[in-house]
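Shown next, in C-alpha cells, is the structure this report addresses.
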Amino acid sequence: MLKPTKLREGISLNSGHNGLLSIDAGRLNALIKNELITNVYDVEQTPFARGKFAAVRKCTHKVTGIEYAAKFIRKRRRSMDTRQDILHEVAVLCLAEMSSRIVALHEVYETPTDMALVLELVPGGELQRVVDLQDGLEEREVIRVMRQILEGLIYLHDLNIAHLDLKPQNLLLTANYPDCDIKLCDFGISRVIQSGVEVREILGTPDYVAPEILNYEPISLGTDVWSLGILAYVLLSGHSPFAGDTKQETFCNISQCNLDFPDDLFGSVSQTAKDFINATLVPEPGARLTARQCLSHPWLSSCSSPLNLVTPLSITSQPDGDKEEASSRLPTVPASTVSISSVNYQLSSCISKCGAQCGCNHEKEKHSSITSSPVVEIILDSRSIIC
C-alpha cells in the first residue's frame with residue numbers, strides 16, 4: 001500500500017485529508033491558467049451535461065479548432081471551500097495521463113468563483129444511453145466493454161486509487177456504439193487507499209454503492225469491484241439487481257445481498273457470466289476478486305481481443321514539499337448527481353422494521369437475518385455525495 005510518497009513530480013498524498021492527493025505549489029502554478037477561458041476558447045453557452053455544482057460545455061480552441069469538453073465547477077458548495085477536492089481530481093487525471101482508457105486532461109483555468117477543466121471530448125456520449133435504448137447489451141459486447149473498463153480500473157488500482165463511482169454514466173464512448181472504445185471519467189469522489197489509514201465516507205450512487213459504504217466501514221479497492229459486479233449485471237440485463245422504489249429500499253436490498261438471476265432477464269446469459277457476478281458481489285470486500293483477477297476470470301479471459309494495459313510510472317519516495325490539496329471531476333456530469341447535506345439516513349431503522357413501515361418489500365425473516373450484524377447509523381454531511 002501507498003505511504004506518504006511522491007507519486008509523480010509535484011503530486012503527493014495529502015497529509016491533512018485521508019484519501020486525497022496534493023499538488024505542490026510549483027506544479028500548480030504551471031498547471032493552472034488564471035485567465036478567462038473565453039480568451040482562448042469559444043465556449044458554447046448551453047451545457048451538454050449538468051450536475052448540481054458543475055456544467056460541461058463544448059469548447060473549441062480559437063487557434064487550432066480542436067474541440068474539447070470544458071467542465072466548469074464551483075469552488076464553493078453550501079458555503080464550503082471545495083477547491084482542494086477539485087484539485088484532487090486534477091491530480092488523479094494527471095497520474096492517469098498514460099492510460100488510453102481514462103479521459104485525458106488538457107488544461108485547467110481558474111477564476112475567483114470557478115475552475116474549468118478542459119478535457120478530451122469523447123464524442124460517443126455515455127454508455128448509459130446505449131443501455132437505455134437497448135435494455136442491455138449482447139453478452140459478447142458486454143465482455144468487450146468489461147475488459148476495457150478493467151484496463152482503466154487496473155491502472156488506477158495499481159496506483160491504489162479507488163474510483164468509487166463506476167456506473168454507465170461515467171463510461172464514455174469514443175464513437176457511435178458499437179464501433180467504439182470505452183473511457184472512464186469522473187474522479188470527483190475517487191480516493192487513494194493508504195496502508196494504515198482508514199477512509200470512511202458516504203460516497204457513490206445508490207444502485208452501485210457497496211455494503212461497506214452503507215455500514216460506514218473502511219473503503220478499499222474492493223469497493224470498486226462490487227460496483228463492477230453491479231455494472232456487469234446491468235449491462236447484461238438492463239436492470240439493477242438491488243434497485244428499490246426508494247433509496248432506503250435500495251440500501252436495504254444491498255445490505256441483504258439477495259442476488260438472483262431471473263430467467264426472463266438471464267435466460268440466454270452464460271453460466272460463467274453469472275459466476276463472475278457472484279464472485280464480485282460478495283458482502284465481505286476481502287473475499288471479492290481483485291480487478292486483475294476479474295480480468296483473468298474465465299468469462300472475460302476467453303475473449304480473443306488484445307489487452308491494452310499500461311503500467312503506471314513507479315512510485316519513488318521523496319520528502320513532502322509544499323502542498324495544496326487536489327481534486328477534480330470528469331467530462332460528463334449526470335444530471336442526477338447531487339451533494340447531500342442535512343440528511344439523516346438511518347439504515348438501522350430500515351433493517352429493524354418490515355412491510356409498509358420499512359418499504360423494503362422483504363419478509364421479516366430476511367430482516368432478522370441482518371440484525372445480528374448491526375449497521376452503523378449513517379449521517380450524511382455536506383461532504384457526503386450520493387449521486
Side-chain angles (χ1 to χ4, degrees), residues 2 6-14 17 19-24 26-33 37 41 49 51 53-57 59 66-73 75 82-110 114-122 126 148-149 151-166 169-172 174 181-193 203 224 310-313 315 323-334 337 385:
L2 294 177
K6 186 173 182 180
L7 298 172
R8 195 165 299 173
E9 185 174 357
I11 298 175
S12 58
L13 293 172
N14 190 308
H17 293 270
L20 296 183
L21 293 169
S22 276
I23 304 177
D24 70 27
R27 178 154 187 175
L28 205 57
N29 290 335
L31 182 66
I32 295 180
K33 295 175 170 56
I37 188 175
Y41 294 87
F53 302 108
V56 186
R57 296 177 170 89
C59 64
I66 298 175
E67 294 181 333
Y68 296 92
K71 181 180 178 181
F72 294 84
I73 313 170
K75 294 198 294 185
T82 57
R83 183 174 187 266
Q84 296 172 345
D85 299 276
I86 301 170
L87 291 175
H88 167 76
E89 186 175 0
V90 172
V92 172
L93 290 167
C94 289
L95 291 176
E97 63 188 357
M98 299 298 293
S99 175
S100 63
R101 298 294 182 219
I102 295 173
V103 69
L105 175 69
H106 182 58
E107 53 188 1
V108 181
Y109 289 80
E110 183 171 15
D114 300 271
M115 294 186 75
L117 278 56
V118 181
L119 299 152
E120 169 188 10
L121 182 65
V122 187
E126 300 172 358
Q148 293 192 7
I149 295 167
E151 289 170 11
L153 191 62
I154 288 171
Y155 188 96
L156 293 173
H157 283 193
D158 283 349
L159 290 167
N160 284 332
I161 296 172
H163 185 285
L164 300 180
D165 203 15
L166 291 175
Q169 294 95 327
N170 290 339
L171 302 168
L172 303 180
T174 58
D181 288 326
I182 297 290
K183 287 181 181 279
L184 279 62
C185 69
D186 199 343
F187 300 91
I189 62 172
S190 64
R191 293 293 183 269
V192 180
I193 308 302
L203 300 169
D224 280 341
V310 177
T311 303
L313 298 180
I315 298 171
K323 293 186 179 180
E324 295 204 14
E325 329 232 306
S327 183
S328 128
R329 249 175 149 100
L330 57 149
T332 336
V333 181
T337 299
I385 298 176

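Residues: numbered from 1 along the sequence shown.
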Check: Any donor and acceptor pair, going by atom type alone, linking the side chain of His163 with main-chain N or O of Cys185 inside 3.5 Å?
Finding: yes
Checklist line | Trace of the side chain to side chain contact (heavy atoms under 4.5 Å, CB included) decision for Leu21 with Val90 | finding: CA-CA 9 Å; Leu21 293 169; Val90 172; over 6 Å; no
Check: Where is the tightest heavy-atom contact between His157 and Asp224, given as atom of each residue plus distance?
Finding: NE2-OD2, 2.9 Å
Item checked: With Ser99 via side-chain hydrogen bond (donor to acceptor under 3.5 Å, both in side chains) - residues at least two apart -> none
Note to self: Using 0.5 Å steps for rounding, measure from the CZ atom of Phe72 to the CG atom of Leu117.
What the structure shows: 10.0 Å
Margin query: Could you report the tightest heavy-atom contact between Ser100 and Lys183, atom names first, then the distance?
Written below: O-NZ, 2.8 Å
Notebook entry, point to check: Less than 4.5 Å apart, any side-chain heavy atom of Leu172 and any of Ile182?
Noted result: no
Margin query: I'd like to check Leu119 versus Leu105 (side-chain heavy atoms, cut-off strictly below 4.5 Å). Are they in contact?
Written below: yes
Check: Which heavy-atom pair separates Gly152 from Leu184 by the least distance, and what is that distance?
Finding: C-CD2, 4.2 Å
Note to self: Please check: side-chain N/O of Asp165 versus main-chain N/O of Ile189, any donor-acceptor pairing under 3.5 Å?
What the structure shows: no
Check: Just how far is it from atom CG of Asn170 to atom CD1 of Ile149, taken to the nearest 0.5 Å?
Finding: 11.0 Å
Notebook entry, point to check: With sequence neighbours left out, what residues match Glu67 under side-chain hydrogen bond (donor to acceptor under 3.5 Å, both in side chains)?
Noted result: none
Next item on the list: Under the side-chain hydrogen bond (donor to acceptor under 3.5 Å, both in side chains) rule, collect the residues that match up with Thr174, sequence neighbours excluded.
Entry: none
Notebook entry, point to check: Can you tell me if Ser22 uses its side chain to pair, donor with acceptor, with the backbone of Leu13 under 3.5 Å?
Noted result: no
Check: When the ring planes of Tyr68 and His106 are compared, do they come out parallel, tilted or perpendicular, using 30° and 60° as the limits?
Finding: parallel
Check: Can you find a pair of side-chain heavy atoms, one from Glu107 and one from Tyr41, that are under 4.5 Å apart?
Finding: yes
Checklist line | Set of side-chain contact (heavy atoms from CB on, under 4.5 Å) partners for Ala96, sequence neighbours left out | finding: Ile102, Tyr155
Item checked: Test side chain to side chain contact (heavy atoms under 4.5 Å, CB included) applied to Glu126 and Leu171, step by step -> CA-CA 6 Å; Glu126 300 172 358; Leu171 302 168; over 6 Å; no
Next item on the list: Take Asp181 and Arg101, measure what side chain to side chain contact (heavy atoms under 4.5 Å, CB included) needs, and give me the verdict at the end.
Entry: CA-CA 8 Å; Asp181 288 326; Arg101 298 294 182 219; 3.6 Å; yes
Item checked: Residue list, side-chain contact (heavy atoms from CB on, under 4.5 Å) with Ile32, at least two apart or on another chain -> Leu28, Asn34, Arg83, Leu87, Val108, Glu110, Met115
Next item on the list: Kindly indicate, with the supporting measurements, whether the criterion side chain to side chain contact (heavy atoms under 4.5 Å, CB included) is fulfilled by Ile161 and Val192.
Entry: CA-CA 4 Å; Ile161 296 172; Val192 180; 4.1 Å; yes
Margin query: Can you tell me how far apart CG (Asp158) and CG (Leu153) are? Round to the nearest 0.5 Å.
Written below: 9.5 Å
Checklist line | Close side-chain approach of Arg191 to Leu203, heavy-atom, < 4.5 Å | finding: yes
Notebook entry, point to check: Asp114: what forms a side-chain hydrogen bond (donor to acceptor under 3.5 Å, both in side chains) with it, not counting sequence neighbours?
Noted result: none
Notebook entry, point to check: Ile11 and Ile23: which non-hydrogen atoms are nearest, and at how many Å?
Noted result: CG1-CG1, 4.5 Å
